[in-house]
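This report refers to the structure that appears directly beneath it.
In each ligand, atom 1 is the first atom listed, and ligand 1 is the first ligand listed. FYI, the numbering just counts along the sequence from 1.
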Amino acid sequence: MGQPLNTPLNIGIIGCGNIISQYLETFPVLDAVRLVAVADLDHARAQAIAAGHPGVRALGVSELIADDEVQLVLNLTIPAAHAQVALEVIAAGKHVYGEKPLAATSTEAAGVLAAAAAAGVVVGCAPDTVLGTGTQTARRAIDDNLIGRPISATATMVTPGHERWHPNPDFYYAPGGGPLLDMGPYYVSALVTLLGPVASVVGAASHTRTTRTIGTGPRAGESVPVTTDTHVSGVLVHESGALSTLVMSFDAVATQAANLEIHGETGSLIVPDPNHFDGDVKLRTLGDTEWRTLPVSAGYAGSSRGIGLQDLALTPPGTEPRAGGRLAFHALDVMESLLRSAETGTSITVSSSCERPAAVPLTEPAALAAP
Ligand SMILES: NC(=O)c1ccc[n+]([C@@H]2O[C@H](COP(=O)([O-])OP(=O)(O)OC[C@H]3O[C@@H](n4cnc5c(N)ncnc54)[C@H](O)[C@@H]3O)[C@@H](O)[C@H]2O)c1
(Lines give C-alpha, C1' and ligand atoms only; values in the text may rest on other atoms or scores of the structure.)
Protein backbone atom coordinates (compact mmCIF):
# COMPACT_ATOMS: atom_id res chain seq x y z
CA MET A 1 0.00 0.00 0.00
CA GLY A 2 1.01 3.61 0.02
CA GLN A 3 -0.65 4.84 -3.14
CA PRO A 4 -2.54 7.99 -2.10
CA LEU A 5 -6.29 7.98 -2.56
CA ASN A 6 -7.44 11.22 -4.09
CA THR A 7 -10.96 12.18 -3.15
CA PRO A 8 -13.58 12.07 -4.36
CA LEU A 9 -12.64 8.53 -5.26
CA ASN A 10 -14.34 7.37 -8.48
CA ILE A 11 -16.26 4.16 -7.92
CA GLY A 12 -17.42 1.54 -10.42
CA ILE A 13 -19.83 -1.13 -9.19
CA ILE A 14 -19.77 -4.70 -10.47
CA GLY A 15 -22.93 -6.61 -9.50
CA CYS A 16 -26.32 -4.91 -9.82
CA GLY A 17 -28.50 -7.31 -7.82
CA ASN A 18 -30.45 -7.11 -4.60
CA ILE A 19 -28.06 -5.17 -2.36
CA ILE A 20 -27.03 -2.39 -4.78
CA SER A 21 -30.07 -0.25 -3.93
CA GLN A 22 -28.83 0.24 -0.35
CA TYR A 23 -25.48 1.55 -1.62
CA LEU A 24 -27.18 3.78 -4.19
CA GLU A 25 -29.17 5.42 -1.40
CA THR A 26 -25.99 6.15 0.57
CA PHE A 27 -23.78 7.57 -2.20
CA PRO A 28 -25.43 11.02 -2.34
CA VAL A 29 -24.37 11.77 1.26
CA LEU A 30 -20.77 10.58 0.88
CA ASP A 31 -18.53 13.38 -0.34
CA ALA A 32 -15.31 11.34 -0.54
CA VAL A 33 -16.63 8.92 -3.18
CA ARG A 34 -18.41 9.34 -6.51
CA LEU A 35 -20.22 6.64 -8.49
CA VAL A 36 -19.25 6.77 -12.17
CA ALA A 37 -20.08 3.37 -13.69
CA VAL A 38 -21.92 0.08 -13.14
CA ALA A 39 -21.62 -3.38 -14.71
CA ASP A 40 -23.19 -6.81 -14.36
CA LEU A 41 -23.01 -10.15 -16.20
CA ASP A 42 -26.63 -9.35 -16.98
CA HIS A 43 -26.05 -6.05 -18.79
CA ALA A 44 -29.72 -5.09 -18.66
CA ARG A 45 -29.41 -4.79 -14.86
CA ALA A 46 -26.54 -2.33 -15.23
CA GLN A 47 -28.45 -0.39 -17.87
CA ALA A 48 -31.47 -0.12 -15.58
CA ILE A 49 -29.32 1.34 -12.78
CA ALA A 50 -27.53 3.77 -15.12
CA ALA A 51 -30.85 4.94 -16.56
CA GLY A 52 -31.94 6.08 -13.11
CA HIS A 53 -28.64 7.74 -12.17
CA PRO A 54 -27.50 10.59 -14.42
CA GLY A 55 -23.72 10.61 -14.98
CA VAL A 56 -23.39 6.89 -14.24
CA ARG A 57 -22.38 4.76 -17.25
CA ALA A 58 -23.46 1.12 -17.84
CA LEU A 59 -20.38 -0.78 -19.02
CA GLY A 60 -19.41 -4.38 -19.71
CA VAL A 61 -17.62 -6.04 -16.77
CA SER A 62 -14.14 -6.04 -18.41
CA GLU A 63 -14.79 -2.58 -19.79
CA LEU A 64 -15.51 -1.23 -16.28
CA ILE A 65 -12.40 -2.88 -14.88
CA ALA A 66 -10.28 -1.27 -17.63
CA ASP A 67 -12.02 2.11 -17.47
CA ASP A 68 -9.63 5.02 -16.85
CA GLU A 69 -12.12 6.95 -14.75
CA VAL A 70 -12.77 4.10 -12.26
CA GLN A 71 -10.31 4.10 -9.33
CA LEU A 72 -12.03 1.63 -7.00
CA VAL A 73 -14.39 -1.21 -7.83
CA LEU A 74 -17.23 -1.97 -5.44
CA ASN A 75 -17.70 -5.72 -5.84
CA LEU A 76 -21.35 -6.60 -5.21
CA THR A 77 -21.31 -9.96 -6.97
CA ILE A 78 -22.22 -13.24 -5.28
CA PRO A 79 -19.67 -14.75 -2.85
CA ALA A 80 -18.50 -17.40 -5.36
CA ALA A 81 -17.40 -14.61 -7.73
CA HIS A 82 -15.86 -12.25 -5.14
CA ALA A 83 -12.24 -13.43 -5.47
CA GLN A 84 -12.16 -13.73 -9.24
CA VAL A 85 -13.62 -10.26 -9.74
CA ALA A 86 -11.32 -8.76 -7.07
CA LEU A 87 -8.23 -10.32 -8.68
CA GLU A 88 -9.16 -8.90 -12.09
CA VAL A 89 -9.68 -5.47 -10.54
CA ILE A 90 -6.35 -5.61 -8.71
CA ALA A 91 -4.58 -6.77 -11.89
CA ALA A 92 -5.86 -3.56 -13.51
CA GLY A 93 -4.18 -1.56 -10.70
CA LYS A 94 -7.42 -0.50 -9.02
CA HIS A 95 -8.55 -0.59 -5.40
CA VAL A 96 -11.36 -2.97 -4.51
CA TYR A 97 -14.04 -3.00 -1.80
CA GLY A 98 -16.22 -6.08 -1.67
CA GLU A 99 -19.41 -7.24 -0.11
CA LYS A 100 -18.91 -9.92 2.51
CA PRO A 101 -17.47 -12.46 2.76
CA LEU A 102 -14.11 -11.34 1.31
CA ALA A 103 -14.08 -14.54 -0.76
CA ALA A 104 -15.76 -17.93 -0.71
CA THR A 105 -12.70 -19.48 0.97
CA SER A 106 -9.80 -18.15 3.01
CA THR A 107 -7.38 -19.59 0.43
CA GLU A 108 -8.99 -17.45 -2.25
CA ALA A 109 -9.08 -14.48 0.13
CA ALA A 110 -5.36 -14.86 0.89
CA GLY A 111 -4.71 -14.70 -2.86
CA VAL A 112 -6.66 -11.45 -3.07
CA LEU A 113 -4.71 -9.83 -0.20
CA ALA A 114 -1.36 -11.02 -1.61
CA ALA A 115 -2.17 -9.67 -5.08
CA ALA A 116 -3.30 -6.34 -3.61
CA ALA A 117 -0.14 -6.01 -1.52
CA ALA A 118 2.01 -6.73 -4.58
CA ALA A 119 0.06 -4.20 -6.68
CA GLY A 120 0.03 -1.52 -3.96
CA VAL A 121 -3.75 -1.20 -3.94
CA VAL A 122 -6.18 -1.11 -1.02
CA VAL A 123 -8.68 -3.85 -0.17
CA GLY A 124 -11.79 -2.98 1.80
CA CYS A 125 -14.69 -5.24 2.68
CA ALA A 126 -18.15 -5.14 4.19
CA PRO A 127 -19.56 -5.19 6.77
CA ASP A 128 -19.34 -1.49 7.52
CA THR A 129 -22.36 -1.72 9.85
CA VAL A 130 -19.92 -2.05 12.76
CA LEU A 131 -18.73 1.53 12.03
CA GLY A 132 -22.18 2.83 12.97
CA THR A 133 -23.22 4.19 16.35
CA GLY A 134 -24.52 0.85 17.70
CA THR A 135 -21.33 -1.23 17.76
CA GLN A 136 -19.11 1.84 18.19
CA THR A 137 -20.98 3.11 21.28
CA ALA A 138 -20.56 -0.36 22.79
CA ARG A 139 -16.87 -0.27 21.84
CA ARG A 140 -16.52 3.08 23.60
CA ALA A 141 -18.22 1.66 26.73
CA ILE A 142 -15.71 -1.21 26.81
CA ASP A 143 -12.74 1.10 26.13
CA ASP A 144 -13.98 3.43 28.90
CA ASN A 145 -14.00 0.43 31.30
CA LEU A 146 -17.76 0.61 31.98
CA ILE A 147 -17.98 -3.22 32.24
CA GLY A 148 -14.53 -3.92 33.63
CA ARG A 149 -12.44 -6.65 32.04
CA PRO A 150 -14.45 -8.32 29.22
CA ILE A 151 -15.00 -12.00 30.00
CA SER A 152 -17.49 -13.34 27.46
CA ALA A 153 -20.04 -12.61 24.75
CA THR A 154 -23.08 -14.25 23.19
CA ALA A 155 -24.00 -13.69 19.54
CA THR A 156 -27.34 -14.99 18.25
CA MET A 157 -28.77 -14.80 14.73
CA VAL A 158 -31.70 -17.05 13.90
CA THR A 159 -34.14 -16.96 10.99
CA PRO A 160 -36.19 -19.59 9.15
CA GLY A 161 -34.21 -18.76 5.99
CA HIS A 162 -33.58 -16.10 3.34
CA GLU A 163 -35.52 -18.01 0.64
CA ARG A 164 -38.66 -16.40 2.05
CA TRP A 165 -37.65 -12.92 0.80
CA HIS A 166 -34.69 -13.25 -1.64
CA PRO A 167 -35.75 -13.95 -5.26
CA ASN A 168 -32.47 -15.82 -6.04
CA PRO A 169 -31.44 -17.43 -2.73
CA ASP A 170 -29.38 -20.29 -4.25
CA PHE A 171 -26.02 -18.99 -2.98
CA TYR A 172 -27.19 -18.95 0.64
CA TYR A 173 -27.59 -22.76 0.54
CA ALA A 174 -24.32 -23.61 -1.26
CA PRO A 175 -20.78 -23.88 0.16
CA GLY A 176 -19.62 -20.32 0.82
CA GLY A 177 -23.14 -19.50 2.04
CA GLY A 178 -25.07 -20.84 5.03
CA PRO A 179 -25.96 -18.75 8.09
CA LEU A 180 -22.38 -18.51 9.30
CA LEU A 181 -20.68 -17.24 6.14
CA ASP A 182 -23.69 -15.09 5.25
CA MET A 183 -24.51 -13.46 8.61
CA GLY A 184 -21.40 -14.39 10.60
CA PRO A 185 -19.30 -11.59 9.06
CA TYR A 186 -21.44 -9.00 10.92
CA TYR A 187 -21.14 -10.82 14.22
CA VAL A 188 -17.50 -11.87 13.98
CA SER A 189 -16.46 -8.38 12.78
CA ALA A 190 -18.36 -6.87 15.72
CA LEU A 191 -16.81 -9.32 18.17
CA VAL A 192 -13.29 -8.58 16.88
CA THR A 193 -14.06 -4.84 17.01
CA LEU A 194 -15.25 -5.20 20.61
CA LEU A 195 -13.03 -7.96 22.04
CA GLY A 196 -10.10 -8.26 19.64
CA PRO A 197 -8.92 -11.10 17.40
CA VAL A 198 -9.69 -14.79 17.87
CA ALA A 199 -7.05 -17.41 18.71
CA SER A 200 -9.02 -20.66 18.46
CA VAL A 201 -12.53 -22.03 17.97
CA VAL A 202 -14.74 -25.02 18.75
CA GLY A 203 -17.82 -25.59 16.57
CA ALA A 204 -20.72 -27.89 15.73
CA ALA A 205 -23.12 -27.72 12.77
CA SER A 206 -26.19 -29.38 11.25
CA HIS A 207 -28.84 -29.02 8.55
CA THR A 208 -32.50 -29.97 8.70
CA ARG A 209 -33.52 -30.12 5.02
CA THR A 210 -31.90 -30.93 1.67
CA THR A 211 -34.01 -28.44 -0.30
CA ARG A 212 -35.56 -24.99 0.23
CA THR A 213 -38.52 -23.49 -1.61
CA ILE A 214 -38.24 -19.95 -3.01
CA GLY A 215 -40.98 -17.81 -1.51
CA THR A 216 -40.93 -14.71 -3.72
CA GLY A 217 -40.24 -13.33 -7.20
CA PRO A 218 -40.41 -14.97 -10.63
CA ARG A 219 -38.97 -18.26 -9.31
CA ALA A 220 -41.44 -18.56 -6.39
CA GLY A 221 -42.21 -22.22 -5.69
CA GLU A 222 -38.92 -23.43 -7.25
CA SER A 223 -36.82 -25.78 -5.16
CA VAL A 224 -33.19 -24.92 -4.29
CA PRO A 225 -30.72 -27.64 -3.18
CA VAL A 226 -29.13 -27.31 0.27
CA THR A 227 -25.48 -28.37 0.15
CA THR A 228 -24.18 -26.61 3.25
CA ASP A 229 -24.97 -26.67 6.97
CA THR A 230 -27.80 -24.35 7.98
CA HIS A 231 -27.30 -24.27 11.78
CA VAL A 232 -23.88 -23.51 13.22
CA SER A 233 -22.91 -22.95 16.84
CA GLY A 234 -19.55 -22.58 18.48
CA VAL A 235 -17.21 -20.85 20.86
CA LEU A 236 -14.56 -18.31 19.84
CA VAL A 237 -11.58 -18.03 22.17
CA HIS A 238 -10.26 -14.49 21.77
CA GLU A 239 -6.54 -13.73 22.11
CA SER A 240 -7.50 -11.76 25.25
CA GLY A 241 -8.96 -14.94 26.78
CA ALA A 242 -12.58 -13.75 26.42
CA LEU A 243 -15.01 -16.43 25.16
CA SER A 244 -17.76 -15.67 22.61
CA THR A 245 -20.61 -18.13 22.07
CA LEU A 246 -22.07 -17.97 18.57
CA VAL A 247 -25.41 -19.34 17.29
CA MET A 248 -26.13 -18.73 13.58
CA SER A 249 -29.16 -20.47 12.11
CA PHE A 250 -31.44 -20.66 9.08
CA ASP A 251 -33.29 -23.39 10.99
CA ALA A 252 -35.11 -21.53 13.74
CA VAL A 253 -38.36 -19.61 13.74
CA ALA A 254 -37.55 -16.76 16.13
CA THR A 255 -35.69 -15.77 19.29
CA GLN A 256 -35.97 -13.31 22.15
CA ALA A 257 -32.22 -13.42 22.80
CA ALA A 258 -30.28 -10.21 22.23
CA ASN A 259 -28.27 -10.26 19.00
CA LEU A 260 -25.13 -9.53 20.94
CA GLU A 261 -24.28 -9.33 24.64
CA ILE A 262 -20.89 -8.59 26.15
CA HIS A 263 -20.20 -9.51 29.76
CA GLY A 264 -17.42 -7.98 31.80
CA GLU A 265 -16.29 -8.44 35.40
CA THR A 266 -18.40 -5.53 36.61
CA GLY A 267 -21.04 -5.03 33.94
CA SER A 268 -22.98 -6.41 30.98
CA LEU A 269 -23.79 -4.70 27.68
CA ILE A 270 -26.59 -5.36 25.21
CA VAL A 271 -25.27 -4.41 21.77
CA PRO A 272 -27.69 -3.77 18.88
CA ASP A 273 -27.89 -6.00 15.80
CA PRO A 274 -24.47 -5.78 14.10
CA ASN A 275 -26.26 -6.05 10.74
CA HIS A 276 -27.65 -2.58 11.52
CA PHE A 277 -25.74 0.66 11.90
CA ASP A 278 -27.52 2.06 14.94
CA GLY A 279 -29.72 1.00 17.87
CA ASP A 280 -29.63 1.33 21.65
CA VAL A 281 -26.71 0.09 23.68
CA LYS A 282 -27.81 -0.95 27.17
CA LEU A 283 -25.64 -1.28 30.26
CA ARG A 284 -26.25 -2.99 33.58
CA THR A 285 -23.50 -2.91 36.18
CA LEU A 286 -23.12 -4.91 39.38
CA GLY A 287 -25.75 -3.71 41.88
CA ASP A 288 -28.03 -2.20 39.20
CA THR A 289 -31.59 -3.48 39.21
CA GLU A 290 -32.37 -2.34 35.66
CA TRP A 291 -30.71 -1.86 32.29
CA ARG A 292 -30.01 1.73 31.24
CA THR A 293 -29.58 3.01 27.72
CA LEU A 294 -26.23 4.67 27.06
CA PRO A 295 -26.13 7.92 25.12
CA VAL A 296 -24.74 7.60 21.60
CA SER A 297 -21.03 8.30 22.03
CA ALA A 298 -19.19 7.01 18.96
CA GLY A 299 -19.52 5.91 15.34
CA TYR A 300 -20.85 7.34 12.08
CA ALA A 301 -24.32 8.67 12.97
CA GLY A 302 -27.11 8.17 10.45
CA SER A 303 -24.93 5.93 8.32
CA SER A 304 -25.88 3.17 5.91
CA ARG A 305 -24.21 0.66 3.56
CA GLY A 306 -21.30 2.39 1.81
CA ILE A 307 -19.91 4.34 4.77
CA GLY A 308 -16.96 1.92 4.73
CA LEU A 309 -16.03 3.27 1.29
CA GLN A 310 -15.97 6.82 2.63
CA ASP A 311 -13.90 5.65 5.59
CA LEU A 312 -11.50 3.90 3.19
CA ALA A 313 -11.22 6.94 0.94
CA LEU A 314 -10.28 9.09 3.95
CA THR A 315 -7.81 6.59 5.44
CA PRO A 316 -4.25 7.95 5.35
CA PRO A 317 -2.03 6.18 2.79
CA GLY A 318 -0.32 3.09 4.17
CA THR A 319 -2.96 2.64 6.89
CA GLU A 320 -5.40 -0.27 6.88
CA PRO A 321 -8.98 0.99 6.47
CA ARG A 322 -11.35 0.11 9.33
CA ALA A 323 -13.55 -2.02 7.05
CA GLY A 324 -10.33 -3.47 5.71
CA GLY A 325 -9.18 -6.66 4.01
CA ARG A 326 -7.23 -7.91 7.02
CA LEU A 327 -10.22 -7.83 9.36
CA ALA A 328 -12.38 -9.44 6.66
CA PHE A 329 -9.74 -12.12 6.13
CA HIS A 330 -9.50 -12.86 9.85
CA ALA A 331 -13.31 -13.00 10.13
CA LEU A 332 -13.45 -15.46 7.22
CA ASP A 333 -10.63 -17.52 8.72
CA VAL A 334 -12.47 -17.65 12.07
CA MET A 335 -15.70 -18.78 10.37
CA GLU A 336 -13.96 -21.38 8.22
CA SER A 337 -12.12 -22.68 11.28
CA LEU A 338 -15.46 -23.01 13.06
CA LEU A 339 -16.85 -25.08 10.18
CA ARG A 340 -13.68 -27.22 10.13
CA SER A 341 -13.99 -27.74 13.87
CA ALA A 342 -17.61 -28.85 13.35
CA GLU A 343 -16.48 -31.31 10.68
CA THR A 344 -13.57 -32.76 12.65
CA GLY A 345 -14.92 -32.50 16.18
CA THR A 346 -11.73 -30.84 17.37
CA SER A 347 -10.66 -27.40 18.54
CA ILE A 348 -8.98 -25.44 15.72
CA THR A 349 -6.23 -22.85 16.14
CA VAL A 350 -6.95 -19.78 14.01
CA SER A 351 -3.75 -19.06 12.12
CA SER A 352 -4.51 -15.45 11.18
CA SER A 353 -4.88 -12.40 13.38
CA CYS A 354 -5.52 -8.71 12.81
CA GLU A 355 -5.38 -5.39 14.58
CA ARG A 356 -8.54 -4.40 16.41
CA PRO A 357 -9.75 -1.66 14.01
CA ALA A 358 -9.42 1.92 15.28
CA ALA A 359 -12.49 3.22 17.11
CA VAL A 360 -14.71 5.66 15.18
CA PRO A 361 -15.22 9.01 16.94
CA LEU A 362 -18.81 10.25 16.92
CA THR A 363 -19.29 11.71 13.43
CA GLU A 364 -22.54 13.45 12.55
CA PRO A 365 -24.04 13.03 9.05
CA ALA A 366 -23.49 16.71 8.33
CA ALA A 367 -19.75 16.05 8.47
CA LEU A 368 -20.13 13.62 5.55
CA ALA A 369 -22.48 15.46 3.23
CA ALA A 370 -21.08 17.45 0.35
CA PRO A 371 -21.53 21.21 0.91
N1 LIG B 1 -29.27 -9.07 -0.42
C2 LIG B 1 -28.93 -8.57 0.75
O3 LIG B 1 -29.79 -8.12 1.55
C4 LIG B 1 -27.50 -8.48 1.16
C5 LIG B 1 -27.22 -7.83 2.36
C6 LIG B 1 -25.90 -7.66 2.72
C7 LIG B 1 -24.91 -8.16 1.92
N8 LIG B 1 -25.19 -8.85 0.78
C9 LIG B 1 -24.07 -9.38 0.00
O10 LIG B 1 -24.03 -8.72 -1.24
C11 LIG B 1 -23.55 -9.61 -2.26
C12 LIG B 1 -24.56 -9.66 -3.37
O13 LIG B 1 -25.78 -10.11 -2.84
P14 LIG B 1 -27.15 -9.83 -3.61
O15 LIG B 1 -28.20 -10.21 -2.68
O16 LIG B 1 -27.14 -8.45 -4.20
O17 LIG B 1 -27.00 -10.93 -4.77
P18 LIG B 1 -27.81 -10.99 -6.15
O19 LIG B 1 -27.73 -12.38 -6.62
O20 LIG B 1 -29.13 -10.34 -6.00
O21 LIG B 1 -26.94 -10.04 -7.11
C22 LIG B 1 -25.64 -10.37 -7.54
C23 LIG B 1 -25.42 -9.72 -8.91
O24 LIG B 1 -24.07 -9.97 -9.31
C25 LIG B 1 -24.06 -10.37 -10.66
N26 LIG B 1 -22.88 -11.20 -10.87
C27 LIG B 1 -22.64 -12.43 -10.35
N28 LIG B 1 -21.41 -12.86 -10.73
C29 LIG B 1 -20.87 -11.87 -11.49
C30 LIG B 1 -19.63 -11.71 -12.14
N31 LIG B 1 -18.69 -12.67 -12.12
N32 LIG B 1 -19.41 -10.55 -12.82
C33 LIG B 1 -20.36 -9.59 -12.86
N34 LIG B 1 -21.56 -9.69 -12.25
C35 LIG B 1 -21.81 -10.82 -11.56
C36 LIG B 1 -25.37 -11.12 -10.88
O37 LIG B 1 -25.73 -11.12 -12.25
C38 LIG B 1 -26.32 -10.31 -9.99
O39 LIG B 1 -26.93 -9.23 -10.69
C40 LIG B 1 -23.32 -10.96 -1.56
O41 LIG B 1 -21.96 -11.08 -1.21
C42 LIG B 1 -24.18 -10.86 -0.30
O43 LIG B 1 -23.63 -11.63 0.75
C44 LIG B 1 -26.47 -9.00 0.37
Exercise. Any donor and acceptor pair, going by atom type alone, linking the side chain of Asp128 with main-chain N or O of Ala323 inside 3.5 Å?
Worked result: no

Exercise. Looking at ligand 1, does any of its N/O atoms fall within less than 3.5 Å of an N/O of Gln22?
Worked result: no

Exercise. What do you reckon, does His82 have a nitrogen or oxygen under 3.5 Å from a nitrogen or oxygen of ligand 1?
Worked result: yes

Problem set entry | Proximity winner for atom 39 (O) of ligand 1, if only heavy atoms of Ile20, Asp40, Ile13 are counted | Asp40

For this session: Would you check whether His166 reaches within less than 4.0 Å of ligand 1, judged by its heavy atoms?
Result: yes

For this session: Please check if the side chain of Thr26 supplies one atom and the backbone of Gln22 the other of a donor-acceptor pair under 3.5 Å.
Result: yes

For this session: Among all protein heavy atoms, pick out the one at the shortest distance from atom 10 (O) of ligand 1; state its residue, atom name and that distance to 0.1 Å.
Result: Glu99 CG, 3.1 Å

Problem set entry | Nearest neighbour in protein (non-hydrogen) for atom 17 (O) of ligand 1 | Phe171 CE2, 3.8 Å

Exercise. Salt bridge or not for Arg57 and Asp67, using N-O below 4.0 Å?
Worked result: yes

Exercise. When rounded to the nearest 0.5 angstrom, what distance separates CG in Leu286 from CD in Glu265?
Worked result: 9.5 Å

Exercise. To which protein heavy atom is atom 43 (O) of ligand 1 closest, and what is the distance rounded to 0.1 Å?
Worked result: Lys100 NZ, 3.0 Å

Problem set entry | Val201 and its side chain to side chain contact (heavy atoms under 4.5 Å, CB included) partner, picked from Ile348, Asp333, Val235 | Ile348

Problem set entry | Side-chain donor/acceptor of Ser240 to backbone N/O of Ala242, under 3.5 Å | yes

Problem set entry | Carboxylate-amine/guanidinium contact Asp280 Arg292, below 4.0 Å | no

For this session: List the closest protein heavy-atom neighbour of atom 18 (P) of ligand 1: residue, atom name, distance to the nearest 0.1 Å.
Result: Asn18 N, 3.9 Å

Exercise. Looking only at N/O atoms, are Tyr186 and ligand 1 under 3.5 Å apart anywhere?
Worked result: no

Exercise. Hey, does Gln84 sit under 4.0 Å from ligand 1 if you only count heavy atoms?
Worked result: no

Exercise. His162 near ligand 1, heavy-atom distance under 4.0 Å?
Worked result: no

For this session: Report yes if Leu41 has an N/O atom closer than 3.5 Å to an N/O atom of ligand 1; otherwise report no.
Result: yes

For this session: Flag the pair Asp288 and Lys282 as a salt bridge only when some basic side-chain nitrogen lies within less than 4.0 angstrom of an acidic carboxylate oxygen.
Result: no

Problem set entry | Heavy-atom nearest neighbour in the protein, as seen from atom 11 (C) of ligand 1, with distance rounded to 0.1 Å | Thr77 O, 3.4 Å

Exercise. What do you reckon, does Ile19 have a nitrogen or oxygen under 3.5 Å from a nitrogen or oxygen of ligand 1?
Worked result: yes

Problem set entry | Between His166 and Phe171, ring centroids under 6.0 Å | yes

Exercise. Between Glu25 and Arg305, does at least one N-O distance fall below 4.0 Å, as a salt bridge requires?
Worked result: no

Exercise. Under 3.5 Å, side chain of Glu163 to main-chain N/O of Pro169, donor-acceptor pair present?
Worked result: no

For this session: Answer with side chain, backbone, both or neither: which part of Cys16 has a heavy atom less than 4.0 angstrom from an atom of ligand 1?
Result: backbone

Exercise. Atom 38 (C) of ligand 1: which protein heavy atom is closest, and how many Å away?
Worked result: Arg45 NH1, 3.1 Å

Problem set entry | Contact with ligand 1 for Asn168, non-hydrogen, under 4.0 angstrom | no

For this session: May I ask you to list the atoms of ligand 1 that are less than 4.0 angstrom from any heavy atom of Val61?
Result: 33 (C)

For this session: Pull out every atom of ligand 1 sitting under 4.0 Å from any heavy atom of Arg305, numbered as shown with elements.
Result: 6 (C)

Problem set entry | Side-chain ion pair, Arg139 and Asp144, N-O less than 4.0 Å | no

Exercise. Using 30° and 60° as the class limits, which term best fits the ring planes of Phe250 and Tyr172: parallel, tilted or perpendicular?
Worked result: perpendicular

Exercise. Looking at Asp42 and Arg45, does any basic side-chain N land under 4.0 Å from a carboxylate oxygen?
Worked result: yes

Problem set entry | For atom 31 (N) of ligand 1, closest protein heavy-atom neighbour | Ala81 CB, 3.7 Å

Problem set entry | Subset of ligand 1 atoms that lie under 4.0 Å from at least one heavy atom of Pro79 | 40 (C), 41 (O)

Problem set entry | Side chain, backbone, both or neither: Trp165 near ligand 1, heavy atoms under 4.0 Å | side chain

Exercise. Nearest heavy atom to atom 22 (C) of ligand 1: which of Asn75, Leu76, Asn275 does it belong to?
Worked result: Leu76

Exercise. In terms of residue, atom name and distance, what is the protein heavy atom nearest to atom 19 (O) of ligand 1?
Worked result: Ile78 CG2, 3.7 Å

